[in-house]
Amino acid sequence: MNDCLFCKIIKQEIPSYKIYENEYVYAFLDINPVSDGHALVIPKVHAENLSTTPDLYLSEVSKAKKVVAQILQEKLKGVKGFNYVSNQEAIAKQVVFHYHEHILPKFKEDEGFLHDKNVNLKYASLEDVFNEITK
């Protein structure tokens with residue numbers, strides 16, 4: 001898809017903070033995080049949502065979510081749990097129409113949820129989080 005933001009990220013036409021990749025998926029930090037380490041896992045095939053994504057890529061996204069969560073748990077201090085979220089269609093707040101799964105590390109009980117503004121971010125920038133994860 002020529003105009004798809006996530007397809008452009010996969011092709012490295014748009015920069016991202018990549019934290020995991022294999023032949024089927026690409027995982028990177030969300031540019032509008034609701035928690036430190038908020039990451040996205042996307043298939044390397046364009047599909048608008050979960051329902052239209054080929055089964056092979058769905059299973060690979062699921063496996064990658066586990067790997068990414070382990071990376072975040074190991075590298076970011078204080079992670080106590082995760083939310084895993086996928087929105088389908090505009091009515092459900094899907095903004096980018098390329099299937100993606102959000103991984104939201106939780107550090108305390110009252111943190112924001114998807115599309116909430118989180119004022120509890122301790123890192124000054126995505127680059128700071130990325131540096132922590134990749135060191």
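These numbers come from the heavy atoms of this one structure, side chains and all, not from hydrogens, waters or symmetry mates. Residue numbers run from 1 in the order of the sequence given.
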**OP:** Decide side chain to side chain contact (heavy atoms under 4.5 Å, CB included) for F82 and L104; before the verdict, give the C-alpha distance in whole Å, the side-chain angles of both, and the deciding distance to 0.1 Å.
**Re:** CA-CA 5 Å; F82 295 93; L104 303 156; over 6 Å; no

Original post:
Do Y24 and P43 have side chains that get closer than 4.5 Å, going by heavy atoms?
Top reply: no

Original post:
Does a side-chain N-to-carboxylate-O contact under 4.0 Å join E60 and K44?
Top reply: no

Original post:
Shared ILVMFWY cluster between I31 and V68, side chains joined below 4.5 angstrom?
Top reply: yes

**OP:** Find the distance between CD (Q88) and CG (L50) and round it off to the nearest 0.5 Å.
**Re:** 6.0 Å

**OP:** Please confirm whether the backbone N or O of V129 pairs with a side-chain atom of E127, one donor and one acceptor, at under 3.5 Å?
**Re:** no

Original post:
Can you list the steps and then say if F107 with V79 is a side chain to side chain contact (heavy atoms under 4.5 Å, CB included)?
Top reply: CA-CA 5 Å; F107 297 88; V79 174; 3.5 Å; yes

Original post:
Just wondering, do E132 and K77 contact through their side chains at under 4.5 Å, heavy atoms?
Top reply: yes

Original post:
Do E89 and N49 have side-chain atoms, one donor and one acceptor, less than 3.5 Å apart?
Top reply: yes

**OP:** Over 60° means perpendicular and under 30° means parallel, so classify the ring planes of F130 and Y17, tilted if in between.
**Re:** tilted

Subject >> Full working for side chain to side chain contact (heavy atoms under 4.5 Å, CB included) between Y99 and S86 >> reply: CA-CA 8 Å; Y99 170 57; S86 179; 3.5 Å; yes

**OP:** Report the relative orientation of the aromatic rings in H38 and H102; use parallel for angles under 30°, tilted for 30 to 60°, perpendicular for over 60°.
**Re:** tilted

Subject >> Gap between atom OG1 of T53 and atom NE2 of H46 - 0.5 Å precision >> reply: 9.0 Å

Subject >> Exercise: identify the closest heavy-atom pair between V61 and I42 >> reply: CG2-C, 4.3 Å

Subject >> Residues K65 and E101 bridged, charged N to O under 4.0 Å >> reply: yes

Subject >> I14/L5 under side chain to side chain contact (heavy atoms under 4.5 Å, CB included): CA gap, chis, key distance, verdict >> reply: CA-CA 8 Å; I14 296 174; L5 173 68; 3.4 Å; yes

Subject >> Side-chain heavy atoms of S16 within contact of L29, under 4.5 Å >> reply: no

Original post:
Just wondering, do V25 and Y20 contact through their side chains at under 4.5 Å, heavy atoms?
Top reply: yes

Original post:
Is there a side-chain contact between I10 and H98, using heavy atoms and a 4.5 Å cut-off?
Top reply: yes

**OP:** Find out whether I9 and Y26 are in side-chain contact, i.e. whether some heavy atom of one side chain is under 4.5 Å from a heavy atom of the other.
**Re:** yes

Original post:
Which atom pair, heavy atoms only, marks the closest approach of I19 to L72?
Top reply: CD1-CD2, 4.3 Å

**OP:** Would you confirm whether S35, through its side chain, and K106, through its main-chain N or O, come within 3.5 Å as a donor-acceptor pair?
**Re:** no

**OP:** Working to the nearest 0.5 Å, report the span between CZ of F97 and CD of E48.
**Re:** 7.5 Å

**OP:** Please examine the side chains of V41 and H100, heavy atoms only from C-beta on, and report whether any two atoms are closer than 4.5 Å.
**Re:** no

Original post:
Do I133 and L76 touch side chain to side chain, with heavy atoms closer than 4.5 Å?
Top reply: yes

**OP:** Mark yes when over 12 heavy atoms from residues, nucleotides or ligands other than Q12 sit less than 6.0 Å from its CD; otherwise mark no.
**Re:** no

